[in-house]
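Before any comments, here is the structure.
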Amino acid sequence: MKTNSLIILLAFLLNVHASGQKVDLQGNRGARGIMPENTVEGMLRALDLGVTTLVMNVVITRDKQVVLSQEPYFNHEFSLKPDGKPISLKEQKDFNIYKMDYAEVSKFDIGSKIHPRFPAQQKYRAHKPLLSETVAAVEAYAKKRKLKKPAYSIEIKTIPKGDKEFHPEPDEFTDLVMNVVNEQKIVKRATLQSFDTRVLQYLHSAYPKIRTGLLVDEKVDFEASLAELGFTPAVYSPYHVLVGKGLIDRCHKAGVKVIPWTVNSAKDMAYLLGLGVDGLVTDYPNLYATLDGR
């Protein structure tokens with residue numbers, strides 16, 4: 001890191017600490033930069049690194065199980081078939097999780113193959129875990145290690161074109177997730193988020209006490225987004241390059257927290273902290289911990 005960048009970073013961090021700003025450090029898919037994503041081991045590693053919120057994505061199997069996964073199929077970048085053979089880009093969507101029972105899904109290895117975009121990941125054989133399995137393991141680990149129990153940010157992965165092909169319709173999908181959230185008794189520590197406004201609107205109607213987060217991946221008007229949504233979510237979570245002081249001020253005026261994704265450099269972390277974001281979603285929670293002196 002260049003000297004000027006280091007000075008700017010330290011100035012921002014000192015400003016954050018001096019103002020008493022509490023930053024919600026969110027580990028994306030656990031700690032994707034250094035551990036296989038959406039695995040139990042990755043979530044536990046994120047806890048050790050001091051994250052306050054675990055970010056995870058969920059999909060649904062044919063037998064209605066809620067499973068951690070970014071895509072509703074096995075991504076060719078890091079997935080291996082049960083026999084250990086790689087999955088090609090051309091065939092990855094043929095391994096549709098919504099068309100498989102969980103017993104079959106659990107046989108695929110998502111931790112051993114070197115990820116082309118995250119070569120520093122620790123490698124080990126891992127499966128796509130159930131949401132219930134993950135939460136239970138995290139809660140037990142936090143208790144054993146005497147760590148503060150984390151919050152959970154759970155993304156419901158739906159798109160209109162995927163209904164009944166890669167996932168249930170939003171209402172059924174959301175109910176299945178909420179069943180696990182309720183059974184695991186994490187309602188007060190959970191935020192359910194989505195790019196799909198249908199999911200959030202159903203949550204607001206059927207589960208008014210649950211915190212919701214609107215994910216945004218393109219430049220849109222904040223007020224127009226809320227008008228389309230029909231209510232004010234707890235969190236507005238845009239792609240980090242879309243965040244500026246004006247947006248943060250408008251969100252805070254509306255009582256909405258701003259937690260951008262995915263912030264993977266010290267320079268970007270420092271810049272956003274200086275603007276006054278409420279949290280950071282990162283693939284590298286270890287980076288923030290080092291900069292913060294923890």
Side-chain angles (χ1 to χ4, degrees), residues 23-24 26 28-29 52-60 66 68-72 131 151-182 186-263 272 275-282:
V23 178
D24 183 5
Q26 301 200 354
N28 188 43
R29 309 181 200 180
T52 46
T53 298
L54 295 171
V55 180
M56 54 194 70
N57 321 96
V58 293
V59 300
I60 305 298
V66 183
L68 267 60
S69 182
Q70 165 68 9
E71 298 87 8
L131 175 59
Y152 297 86
S153 184
I154 304 168
E155 182 187 353
I156 294 180
K157 303 292 297 186
T158 58
I159 57 172
K161 290 183 179 180
D163 290 353
K164 297 183 178 181
E165 177 61 27
F166 285 101
H167 52 72
E169 292 185 338
D171 293 11
E172 181 185 358
F173 195 143
T174 303
D175 286 339
L176 290 169
V177 176
M178 282 303 303
N179 285 343
V180 178
V181 169
N182 284 318
I186 58 169
V187 174
K188 293 182 179 180
R189 286 183 281 133
T191 299
L192 267 61
Q193 59 178 353
S194 186
F195 287 99
D196 192 339
T197 57
R198 300 176 303 162
V199 169
L200 301 179
Q201 288 164 344
Y202 180 69
L203 277 165
H204 184 64
S205 174
Y207 305 94
K209 293 184 179 180
I210 196 76
R211 284 168 49 89
T212 54
L214 175 60
L215 288 161
V216 178
D217 61 359
E218 58 186 0
K219 189 173 182 179
V220 294
D221 181 77
F222 171 68
E223 288 78 12
S225 296
L226 263 57
E228 179 184 351
L229 190 59
F231 69 96
T232 302
V235 177
Y236 192 72
S237 190
Y239 180 37
H240 73 90
V241 300
L242 303 174
V243 177
K245 190 65 167 65
L247 174 61
I248 293 173
D249 289 344
R250 293 199 302 277
C251 287
H252 287 171
K253 185 177 180 180
V256 178
K257 290 187 175 182
V258 184
I259 303 179
W261 55 271
T262 303
V263 190
L272 291 164
L275 290 182
V277 295
D278 300 284
L280 299 168
V281 179
T282 180

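- Between the CG atom of L176 and the NE2 atom of H167 there is a distance of 13.0 Å, given to the nearest 0.5 Å.
- Contact between A234 and R211 at its shortest, heavy atoms only, is CB-NH1, 3.8 Å.
- Under the ring-ring contact (aromatic ring centres under 6.0 Å, His included) criterion, H204 pairs with F231, sequence neighbours left out.
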Pair V187-Y207, side-chain contact (heavy atoms from CB on, under 4.5 Å): steps then yes or no: CA-CA 10 Å; V187 174; Y207 305 94; over 6 Å; no

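- The shortest heavy-atom contact between P238 and L247 is CG-CD2, 4.3 Å.
- By the ring-ring contact (aromatic ring centres under 6.0 Å, His included) test, F222 is found to be paired with Y236, residues two or more places apart in sequence or in another chain being considered.
- Considering every non-hydrogen atom in both V23 and G279, the closest pair reads CG1-CA, 4.2 Å.
- Of all heavy-atom pairs between I248 and V258, the closest is CA-CG2, 4.1 Å.
- Residue S237 holds its OG atom at 9.0 Å from CD of E155, rounded to the nearest 0.5 Å.
- Counting only heavy atoms from C-beta outward, the side chains of P170 and D163 approach each other to under 4.5 Å.
- In this structure, L200 CG and T212 OG1 are separated by 5.5 Å, a value rounded to the nearest 0.5 Å.
- Listed for the T282 side chain is a donor-acceptor partner under 3.5 Å among the backbone atoms of V263.
- Of all heavy-atom pairs spanning Y239 and D217, the tightest one is CB-CA, 4.3 Å.
- Remark: side-chain polar atoms of D278 are not paired, donor with acceptor, to backbone N or O of I259 under 3.5 angstrom.
- Proximity of a side-chain donor or acceptor of T174 to a complementary backbone N or O of L203 within less than 3.5 Å is not detected.
- If you take CD on Q201 and CG on D196, they are separated by 8.5 Å, rounding to the nearest 0.5 Å.
- Checked against M178 for a side-chain contact (heavy atoms from CB on, under 4.5 Å), the options N182, D175, V180 give a single hit: N182.
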Apply side-chain contact (heavy atoms from CB on, under 4.5 Å) to the pair I60 and V66, showing each step before the final yes or no. CA-CA 5 Å; I60 305 298; V66 183; 3.8 Å; yes

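- Exactly one of K253, K245, H252 qualifies for a side chain to side chain donor-acceptor pair (under 3.5 Å) with D249. That residue is K245.
- The minimum heavy-atom distance linking V59 with P72 is given by the pair CG1-CA, 3.9 Å.
- Within the 4.5 Å cutoff, the side chain of L68 has no heavy atoms near those of the N57 side chain.
- Expressed to the nearest 0.5 Å, how far OG of S153 lies from CG of N28 amounts to 9.5 Å.
- Within 6.0 Å of the CD atom in E223, the count of heavy atoms belonging to other residues, nucleotides or ligands exceeds 12.
- Qualifying salt bridge (charged side-chain N to carboxylate O under 4.0 Å, His left out) partners for E172, counting only residues two or more places apart in sequence or in other chains: K64.
- Few gaps surround NZ on K157; more than 12 heavy atoms of other groups in view lie less than 6.0 Å from it.
- If you take CZ on R198 and CD1 on I159, they are separated by 9.0 Å, rounding to the nearest 0.5 Å.
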